[in-house]
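If you're wondering where the values come from, they're calculated on a predicted model, not measured in any experiment.
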Amino acid sequence: MNWMKTIVRKPALGISFLGFALAGCFNSTPHFYSLVQKPMQVVQESEKMGPIKVFLPFVPASLDRDVMVKNAGPYQLTLTKASWSEPLPAQIAEAFKRDLAQALPNELVYRQNNMVAEQARIGVDLSIDRFSLDEKGYAVLDGLASFTLHDRSGKRLSAKTHRFSWKSEKTAGSSVQTEIDLLSQGIANWAQDTANFMAKDLHPKADVKVAEISETEKEADEAEKEMRQAQMISSANQKLAQEQKKMEKTAKKE
């Protein structure tokens, strides 16, 4: 049986045509999957950097779906029947946070929406470009990690961006579990790369002299706060929609 749904984008005269092909039969039992934690290598730090806060990542709409994306090409997007157990941005943030905490055991690492008393000195923003299988079945992960450094008073010191690209050593074949495992390994490798970068290139100092924040920077901070709030609302709405779909599927099964 074929469990795949394929969305084909065929550009012609500026118009995109969507073709949907469904084949086979459907099992009434819903399947929900989560990214898993991977073993990490501990990074030695010369001094503590944190606390470190991992924000909900930006995930393109083509990937941010209830169902898992099998692969994404220039003109074609292939979906599986399997569903994520919670919104993908929340899954990535949680997996990345757990892996980063393993790599930096002396640091307090938490994700957006966690109730933590300490103020973050380093904020980590992830932006996802690719997070699926390629046309040959290899898992690929491309993205940007942006770091915002703050002093102990909360004033912004600086910001840095670091690109990450990764491709799995083996293919996933037709197994959803293998795809999940490979994508989880990609997140772990990104967290490891981030830990190494932070230990080497990010060292917020308590005694750094910081110039007064300009009006432009204040406006940028306000815009960032608004973006965070919109992100939180969107994530909550997605989670609610997924819970409703789970209840509907369960009701149909019964």
Side-chain angles (χ1 to χ4, degrees), residues 33-60 63-64 68-69 84-116 118-134 138-150 158-170 172 177-204 228 231 235:
Y33 295 87
S34 301
L35 295 171
V36 297
Q37 189 172 356
K38 293 290 184 178
M40 304 292 290
Q41 181 180 352
V42 173
V43 175
Q44 300 299 323
E45 302 176 75
S46 59
E47 59 182 315
K48 290 187 68 174
M49 299 178 288
I52 302 168
K53 183 175 183 178
V54 178
F55 291 97
L56 289 174
F58 167 77
V59 179
L63 298 176
D64 190 6
M68 290 174 54
V69 173
W84 293 111
S85 60
E86 62 177 320
L88 186 55
Q91 288 236 28
I92 292 176
E94 181 62 26
F96 188 91
K97 182 262 298 184
R98 292 196 305 258
D99 293 333
L100 187 62
Q102 271 196 89
L104 299 171
N106 295 325
E107 300 288 354
L108 171 61
V109 183
Y110 63 99
R111 55 167 279 197
Q112 183 179 353
N113 299 336
N114 287 160
M115 300 301 293
V116 177
E118 289 86 349
Q119 182 172 333
R121 297 197 65 195
I122 298 180
V124 182
D125 274 292
L126 303 177
S127 181
I128 311 295
D129 294 323
R130 299 183 68 187
F131 187 67
S132 62
L133 304 182
D134 64 12
Y138 291 94
V140 291
L141 171 56
D142 292 327
L144 289 172
S146 297
F147 307 92
T148 307
L149 285 71
H150 303 267
S158 62
K160 292 186 178 182
T161 301
H162 184 58
R163 173 163 287 282
F164 177 78
S165 293
W166 171 86
K167 182 176 180 178
S168 64
E169 296 180 353
K170 66 177 184 178
Q177 286 87 348
T178 303
E179 180 181 354
I180 291 289
D181 189 68
L182 291 177
L183 292 175
S184 297
Q185 187 61 58
I187 294 295
N189 284 25
W190 196 1
Q192 188 74 63
D193 180 77
T194 297
N196 293 334
F197 177 79
M198 292 173 67
K200 179 181 178 182
D201 297 309
L202 299 182
H203 296 285
R228 301 287 183 212
Q231 230 177 9
S235 178

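- Atom-to-atom distance recorded for Asp129:CG and Phe164:CZ is 12.5 Å, nearest 0.5 angstrom.
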- Task: Please test Ile187 against Leu141 for side chain to side chain contact (heavy atoms under 4.5 Å, CB included), starting from the C-alpha separation and ending with a verdict.
- Result: CA-CA 8 Å; Ile187 294 295; Leu141 171 56; 4.1 Å; yes
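- The side chain to side chain contact (heavy atoms under 4.5 Å, CB included) check on Ala101 picks up Val109, with sequence neighbours excluded.
- Side chains of Trp190 and Asp99 form no contact here, defined as non-hydrogen atoms less than 4.5 Å apart.
- Here the side chain of Glu179 pairs no donor or acceptor atom with the backbone of Ala172 at under 3.5 angstrom.
- Listed by chain and residue number, Tyr33, Ser175 satisfy the side chain to side chain contact (heavy atoms under 4.5 Å, CB included) test with Gln177 (two or more places apart in sequence, or in another chain).
- The minimum heavy-atom distance linking Ala195 with Val43 is given by the pair CB-CG2, 3.8 Å.
- In this structure, the salt bridge (charged side-chain N to carboxylate O under 4.0 Å, His left out) partners of Asp181, at least two apart in sequence or on a different chain, are Lys38.
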- Message: Test side chain to side chain contact (heavy atoms under 4.5 Å, CB included) on Phe58 and Leu144; report intermediate values, then the result.
- Response: CA-CA 10 Å; Phe58 167 77; Leu144 289 172; over 6 Å; no
- Please report the C-alpha distance between Tyr138 and Leu182 in whole Å, then the side-chain angles of each, then the deciding distance to 0.1 Å, and finally whether the side chain to side chain contact (heavy atoms under 4.5 Å, CB included) criterion is met. CA-CA 9 Å; Tyr138 291 94; Leu182 291 177; over 6 Å; no
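- Legend: residues meeting ring-ring contact (aromatic ring centres under 6.0 Å, His included) with Tyr110, ordered by chain and number and at least two apart, are absent.
- Within the 4.5 Å cutoff, side-chain heavy atoms of Phe147 are placed close to those of Thr194.
- In this structure, the side chain of Glu45 does not engage the main chain of Leu104 through any donor-acceptor pair within 3.5 Å.
- Looking at heavy atoms from C-beta onward, Ile128 lies in side-chain contact with Pro60 at the 4.5 angstrom threshold.
- A distance of 12.0 Å separates OG of Ser165 from CG of Asn189, quoted to the nearest 0.5 Å.
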- Would you sort out whether Phe96 and Leu126 count as a side chain to side chain contact (heavy atoms under 4.5 Å, CB included), showing the intermediate values? CA-CA 10 Å; Phe96 188 91; Leu126 303 177; 3.7 Å; yes
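- Taking the side chain as every heavy atom from C-beta outward, Met68 and Ile180 approach each other to under 4.5 Å.
- With values rounded to the nearest 0.5 angstrom, Asp125 atom CG is found 10.0 Å from Lys53 atom NZ.
- Under the salt bridge (charged side-chain N to carboxylate O under 4.0 Å, His left out) criterion, Glu94 pairs with Lys97, Arg98, Arg111, not counting sequence neighbours.
- Going from atom CD1 of Ile92 over to atom CG of Leu88 covers 4.0 Å, rounded to the nearest 0.5 Å.
- With hydrogens and angles disregarded, a donor-acceptor distance shorter than 3.5 Å links the side chain of Glu107 to the backbone of Met49.
- In this structure, the side chains of Ser146 and Lys160 stay at 4.5 Å or more apart for every pair of heavy atoms.
- When only modelled atom types and interatomic distance are considered, Glu86 and Ser34 share no side-chain donor-acceptor pair under 3.5 Å.
- Shown here are the salt bridge (charged side-chain N to carboxylate O under 4.0 Å, His left out) partners of Lys167, two or more places apart in sequence or in another chain: Asp134.
- Looking at Phe131 and Val69, their side chains never come closer than 4.5 Å, going by heavy atoms from C-beta outward.
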